[in-house]
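Below is one structure, written out as structure tokens; the observations come after it.
These numbers come from the heavy atoms of this one structure, side chains and all, not from hydrogens, waters or symmetry mates. Because the structure is a prediction, the values reported are computed rather than measured.
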Amino acid sequence: MTLEQKILHHLSEAVQAIYQTKTDTDQFNLQETRKEFEGQITVVTFPITEFSKKSPELTGEDLGNYLKTNVDEIVAFNVIKGFLNLVISDEYWFQQLKEIYSAPSYGILPKTGNKVMVEYSSPNTNKPLHLGHIRNNLLGYSVAEILAANGNEVIKSNLVNDRGIHICKSMLAWQKYGNGETPESSGLKGDHLVGKYYVIFDKEYKKQQDVLKAQGQSEEEAKKNAALIQEAQQMLQAWEAGDEPVITLWKTMNSWVYAGFEQTYAKLGVDFQKFYYESDTYLLGKDIIDEGLAKGVFFKKPDGSVWIDLTKEGLDEKLVLRADGTSVYITQDLGTAQLKYNDFGMDESIYVVGNEQDYHFKVLFLILEKLGKSWAKGLYHLSYGMVDLPTGKMKSREGTVVDADDLIDEMVATAKQRTEELGKVDGFSEEEKANLYQMIGMGALKYFLLKVEPKKRLLFDPNESIDFQGNTGPFIQYTHARICSVLSKADYAGTETFAYPGQLAETERDLLVNISQYPQVLNNASQEHSPALIANYVYDLAKLYNKFYHEAPILKSDDENLKTFRLALSAASAAVLKKGMNLLGIQVPERM
RNA sequence: GCCUCCAUAGCUCAGCUGGAUAGAGCAACGGUUUUCUAAACCGUGGGUCACAGGUUCGAAUCCUGUUGGGGGUACCA
């Protein structure tokens, strides 16, 4: 039982004893005490006046007296307006440190047996990854790690969009204008090479449209009638018919892209246990359509197309199968959802996909529910906001994107420059230096993207570099390195014993209170699917540590007892910082 | 048109299921190092929480409406 639960329990008892009213613990409201008042935990007494029929102040006095005599950990209290501030004993906080310190698995919950799949990344194989994909990848990876730390068995999956008209566009443009260019011949990373032809396609396609429009065709006609798009469509049909040369070309260009993606994924530090490919799954879902028709969930229109009527749910009628019997996006997703469940039988399935697809997933989940799929209630769309530039949306076709590889390289280069300016790499080998720059550059980038609540859209200004000071990844990494430096100077092994120093300084207590909140934060982050909660927590912790570091001498402390205590406190802080950052996919250095 | 998300300091963002005087960072200004890493710490200035109503002992938070912005509303994915 946590201290909070204990207090709630006694609060309920107190109301029973003093006001003869039966209450439930969730009728009480506990919060952190604001730092201008004495105490650590605050009871809001306004709601309780309903039972006490007294003023909030007097109610607070009553409850404070009761709690103080009945809860050992509470040594004092004060009532300010309607707020009962409880002072928890320093021994209690000290005891927390003992427990945290001796538990290497602090903050890692035991296995629950719950299995959850996190699908993320899901790239198109016709262009390289950009900043928006980075956000997706980091979010997916981090949420998966957070869920795992909460005791879930996690499967990270990636549904690769490797077919469709957009892939044919790159292929066609390469065929027409590529002159046999390969990643080897040009030295271009495979995904960038393919992306280049995607852009070329669009340019040439636009040119053709302009010619047609000049001949008097409407915008729409020109779009349909341009030779290039028609060729691309023919290519798609040939692909679906299994045409050998097209398939070979497709395989070749895909392999270039995968080689490129692999590099980018490695730099991002993300991984997957299971890959699904749309080229394998695009025909799935048709049996679900039959199932839905049989169950009367879907209906057929005279032209043969299949629909679902969701007007009762406040949505529209939605097409689920074309009149010609071919599938649409949602058909495939229905089939893939079933496939994933057949493969893994997971309890929950999380789709990390941008908020432009909110409607799609609402419909998808609703359909599966209506079909009576028992697992439909475990489906969750982790919707996140787009990454915008000051000029607006990023568009691959128009080349207005922040390329993932470029940005990563830039971040690492900046990390290198900053570190060298500060002269912090004396005695580092070349390899250590490279590692450190990588760690810091990626730390800055990852923290920058993850500290913002997922559903909010994010503004990225390429002209303003991502910070390395203040509320940033490097600040937290620095704090960790700083602690490691102290520990290493003390030859600290991490197993030393320590004793209660008699009393706690304010910064020491603040740190302890914060560290002991970590499991709760981890739980919230998991429930909310929000790495941002971890990021903000870790930042607070780093700030508190630095304050402590400035105010309290550790190695210089003349009291041996105090010194061992502060070292243990430092070690615990470093451990939690590291755990939290690792959940964000960020490594922390021991020196920087 | 309809649906949906968002709006907090000059900028980027926190603010847990409604609770005390709305907090950080950046930017600006000032200070701290013969002492454990100054990517740090301390301080100053900066707010009509988009606007208007409502519910409540209490609203940045909940409800309604308005304005502004994003996204969706395709036999694209």
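- Contacts of A:Glu590 with the nucleic acid, taken as non-hydrogen atoms under 4.0 Å apart, include base atoms.
- A:Pro56 comes within 4.0 angstrom of no nucleic acid atom, judged by non-hydrogen atoms across all strands.
- Side-chain nitrogen and oxygen atoms of A:Arg457 include none within less than 4.0 Å of the OP1 or OP2 phosphate oxygen of B:G69.
- Using a cutoff of 4.0 Å between basic side-chain nitrogens and carboxylate oxygens, A:Glu432 and A:Arg591 are not scored as salt-bridged.
- Proximity of A:Lys455 to the phosphate of B:G71: no side-chain N or O atom is located under 4.0 Å from OP1 or OP2.
- Using a cutoff of 4.0 Å between basic side-chain nitrogens and carboxylate oxygens, A:Asp202 and A:Lys206 are scored as salt-bridged.
- Every stem involving RNA chain B, taken as at least 3 paired positions in a row under the Watson-Crick or G-U wobble test at 3.5 Å, is listed here: B:1-7 with B:67-73, B:10-13 with B:23-26, B:28-32 with B:40-44, B:50-54 with B:62-66.
- Checking A:Arg34 against A:Asn85 by side-chain atom types alone, no donor-acceptor pair falls below 3.5 Å.
- Using atom C1' as the reference point in both B:G30 and B:G46, the two lie 16 Å apart (nearest Å).
- Inter-residue side-chain proximity for A:Leu131 and A:Leu407 is flagged as met; some heavy-atom pair is nearer than 4.5 Å.
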> Are A:Met411 and A:Met442 close enough, and set up right, to give a side-chain contact (heavy atoms from CB on, under 4.5 Å), and what steps lead you there?
Replying inline: CA-CA 7 Å; A:Met411 292 304 298; A:Met442 290 309 292; 5.6 Å; no
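- Under 3.5 Å, the side chains of A:Ser570 and A:Tyr545 contain a donor-acceptor pair of N or O atoms.
- Across the interface with RNA chain B, nearest-nucleotide mapping of A:Glu528 and A:Ala542 shows A:Glu528 to be the residue nearer the 5′ end.
- Counting only N and O atoms by type, the side chains of A:Asn471 and A:Tyr447 include a donor and acceptor under 3.5 Å apart.
- The separation of B:G15 from B:A77, taken at their P atoms, amounts to 37 Å, rounded to a whole angstrom.
- Taking the P atoms as reference points, B:G23 lies 32 Å from B:G65, given to the whole Å.
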Give me, pair by pair, the N or O atoms of the protein and of nucleotides 72-76 of chain B that are less than 3.5 Å apart, along with how far apart they are.
| from | atom 1 | to | atom 2 | distance (Å) |
| --- | --- | --- | --- | --- |
| B:U73 | O2' | A:Asp316 | OD2 | 3.2 |
| B:C75 | N4 | A:Asp303 | OD2 | 2.5 |
| B:C76 | OP2 | A:Arg322 | NE | 3.1 |
| B:C76 | OP2 | A:Arg322 | NH2 | 2.4 |

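- Each of A:Tyr549 and A:Asn524 was assigned the nucleotide of RNA chain B with the nearest heavy atom; the assignment lying further toward the 5' end belongs to A:Asn524.
- Across all strands shown, A:Asn126 has no heavy atoms under 4.0 Å from either base or sugar-phosphate atoms.
- B:G58 has no base stacking with the ring of A:Phe46 when judged by centroids under 5.5 angstrom apart and an interplanar angle below 30°.
- Looking at heavy-atom distances under 4.0 Å, A:Ala415 makes no contact with the nucleic acid at all.
- As judged by a 4.0 angstrom heavy-atom cut-off over every strand, A:Ser383 is placed among residues making no nucleic acid contact.
- Counting non-hydrogen atoms of neighbouring residues, nucleotides and ligands closer than 6.0 angstrom, the NZ atom of A:Lys286 exceeds 12 such neighbours.
- Among the heavy atoms of the strands lying under 4.0 Å from A:Arg34 is at least one base atom, whether or not backbone atoms are also near.
- Separating the C1' atom of B:A50 from that of B:G45 is a span of 24 Å, rounded to the nearest Å.
- Checked by distance alone, A:Thr419 brings a side-chain donor or acceptor within 3.5 Å of a matching partner on the base of B:A39.
- In this structure, the side-chain hydrogen bond (donor to acceptor under 3.5 Å, both in side chains) partners of A:Lys340, at least two apart in sequence or on a different chain, are A:Glu119.
- The side-chain tip of A:Lys301 points at the ring of A:Trp307 from less than 6.0 angstrom away and within 45° of straight on.
- Within the 4.0 angstrom heavy-atom criterion, no nucleotide atom of any strand lies near A:Met386.
- Here the side chain of A:Gln332 is nearest to one of B:A77, B:C13, B:U35, namely B:A77.
- A salt bridge links A:Arg566 to A:Glu508: one of the charged nitrogens lies within less than 4.0 Å of a carboxylate oxygen.
- Among the protein residues, A:Tyr539 comes within range of the sugar-phosphate backbone only, with heavy atoms under 4.0 Å from sugar or phosphate atoms but none that close to a base.
- Here A:Lys543 does not reach the OP1 or OP2 of B:A40: none of its side-chain N or O atoms lies under 4.0 Å away.
- Across all strands shown, A:Ala481 has heavy atoms under 4.0 Å from base atoms, whether or not it also approaches the sugar-phosphate.
- Taking 4.0 angstrom as the limit, A:Lys424 places none of its side-chain polar atoms (N or O) nearer than this to OP1 or OP2 of B:U37.
- Taking atom P in both B:A59 and B:A52, one finds a spacing of 15 Å when rounded to whole Å.
- Among the protein residues, A:Glu464 comes within range of no part of the nucleic acid, since none of its heavy atoms lies under 4.0 Å from any strand.
- Backbone-only contact: A:Asn161 has heavy atoms under 4.0 Å from sugar-phosphate atoms and none from a base.
- Closest to the side chain of A:Gln469, from the set B:C26, B:G19, B:C36, is B:C26.
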> A:Lys127 and A:Asp191: side-chain contact (heavy atoms from CB on, under 4.5 Å), yes or no, with the steps?
Replying inline: CA-CA 6 Å; A:Lys127 57 186 179 212; A:Asp191 49 340; over 6 Å; no
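- Between the NZ atom of A:Lys35 and the C1' atom of B:U21 there is a distance of 12 Å, given to the nearest Å.
- Using a 4.0 Å heavy-atom cutoff across all strands shown, A:Phe475 reaches sugar-phosphate atoms only and no base atom.
- When heavy atoms are screened at a 4.0 angstrom cut-off, A:Thr42 is found touching base atoms of the nucleic acid.
- Taking a cutoff of 4.0 Å between a charged side-chain nitrogen and a carboxylate oxygen, A:Glu220 and A:Lys224 do not qualify as a salt bridge.
- Residue A:Lys547 places at least one side-chain N or O under 4.0 Å from the OP1 or OP2 atom of B:C42.
- Contacts of A:Asp388 with the nucleic acid, taken as non-hydrogen atoms under 4.0 Å apart, are absent.
- For the P atoms, the distance linking B:G18 with B:G58 amounts to 15 Å, nearest Å.
- Scanning atom types as modelled, no donor and acceptor separated by under 3.5 angstrom connect the side chain of A:Asp333 and the base of B:A77.
- Here the nucleotide nearest the side chain of A:Gln31, chosen from B:U37, B:U4, B:C16, is B:C16.
- Comparing B:U12, B:A40, B:G19 by their closest approach to the side chain of A:Phe83 singles out B:G19.
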